[in-house]
Amino acid sequence: MNPADKPEDAATARLLVTCPDQPGIISAVSTFLYNHGANITDLDQHSSDHQDGTFFLRLEFQTPGLDCSHEALENNFRNRVANRYGMQWHISYAADKKRMAVLVSRHDHVIMDLLWRVSRGDLPAVIPMVISNHDDLRGEVERFGIPYHHIPVTRDNKEEAEAQALELLEGQVDVIVLARYMQILSPTFVARHPHRIINIHHSFLPAFVGANPYQQAHDRGVKLIGATSHYVTEDLDQGPIIEQNVQRVSHRHSAAELRGLGQDVERQVMLRAVRWHLEDRVIVDGNKTVVFVK
């Protein structure tokens, strides 16, 4: 048993709800689960503060005492609660680990952290494949027993390369992580996996683009470096933000030290974003997210 596979995980289910805000929602949900023998162990909710607002709910419950199958539970919830309140909802089960594909180019600091944490059970996922436009990291990935697919991308073959990647991913993954994958995904690719592609990138104030951003940051004497993790949309780097963090720096740091500190922040931010997605803690609300963290 992996160290993170606690016995209670096999019995834990999670319910995510988005619906128009109105009285009685929590009562209806909790009464329904009680009547079916479920034990609620965690509940968090948020209501938007504008008129005719939206209600968001994340709830964990234990399933050993259920009086029906998972399928029957979901059908009953739809008919007796969800339809009445106009809910968008989803029930997942912690025992069903999400299948997480990783796309990477040459930078290894994010992917190696994810591979190690999945291998030791610290992240509740399985990785069915890694896809890269370079072959540099094949040996590192295959040491974890994970298939590595090298799909070169050039200006002339980008559409063909994406089609090849989509064919590999089709029906095989629940979420895709861009662990410093240095290619822009097409709208067609993104549309096949809405709110299921997570990206990480450095974010400075001001934002530096192009080659060697850490040298640019050093040359401008920045005082903060940071990273942002977000869902990928058709608009480049404009998707709903999941997590961000910054590190204060000074004139004493060299460009190489800035790069090292920045990569540390990238790892931390991506880890939290991926974990929260895997644990069903994120609800996308238009261009932003509601993230229920402990």
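What you are looking at is a predicted structure, and each value in this text was computed from that prediction instead of being measured.
I176 CD1 to Y231 OH: the interatomic distance, rounded to the nearest 0.5 Å, is 12.5 Å.
Of all heavy-atom pairs spanning A101 and L169, the tightest one is CB-CD2, 3.6 Å. The two residues S27 and S30 come nearest to each other via the heavy atoms O-OG, 3.2 Å. Nearest heavy-atom pair across N212 and R259 is OD1-NH2, 3.0 Å. Minimum heavy-atom separation, E74 to W89: O-CH2, 3.5 Å. For the residue pair V17 and I283, the shortest heavy atom distance occurs at O-CD1, 3.8 Å.
Look at D136 and R106 and you find a salt bridge, because one of the NZ, NE, NH1 or NH2 atoms lies within 4.0 Å of a carboxylate O, short of that distance. Classification of D174 and R99 as a salt-bridged pair holds, one side-chain N sitting under 4.0 Å from a carboxylate O. The residues E279 and R14 are annotated as not salt-bridged, no charged nitrogen and carboxylate oxygen being separated by less than 4.0 angstrom. Using a cut-off of 4.0 Å between Lys/Arg side-chain N and Asp/Glu carboxylate O, E257 and R252 are scored as not salt-bridged.
In E159, the CD atom is not crowded: 12 or fewer heavy atoms of neighbouring residues, nucleotides or ligands sit closer than 6.0 Å. By the neighbour-count criterion of 12 heavy atoms within 6.0 Å, atom CD1 of I40 is densely surrounded, having more than that number from other residues, nucleotides or ligands.
Evaluated for a side chain to side chain contact (heavy atoms under 4.5 Å, CB included) with H201, the options M182, R180, H230 yield exactly one hit, H230. Between D280 and the choices H90, K98, R58, the side chain to side chain donor-acceptor pair (under 3.5 Å) rule is met once, by K98. Between E243 and the choices R281, R267, R272, the salt bridge (charged side-chain N to carboxylate O under 4.0 Å, His left out) rule is met once, by R272.
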Before giving the answer on side chain to side chain donor-acceptor pair (under 3.5 Å), spell out for E60 and T12 the whole-Å C-alpha distance, their side-chain angles and the decisive distance to 0.1 Å.
CA-CA 7 Å; E60 287 190 359; T12 299; 5.2 Å; no

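Inspection of the H202 and Y214 side chains reveals no N or O donor paired with an N or O acceptor under 3.5 Å. Counting only N and O atoms by type, the side chains of Q268 and D264 include no donor and acceptor under 3.5 Å apart. R84 and N79 form no side-chain donor-acceptor contact under 3.5 Å, judged by distance and modelled atom types alone.
Between H70 and Y93, the ring planes are parallel. Angles under 30° get that label, and only those over 60° would be called perpendicular. Using cut-offs of 30° and 60° on the angle between ring planes, the pair H193 and F189 is tilted.
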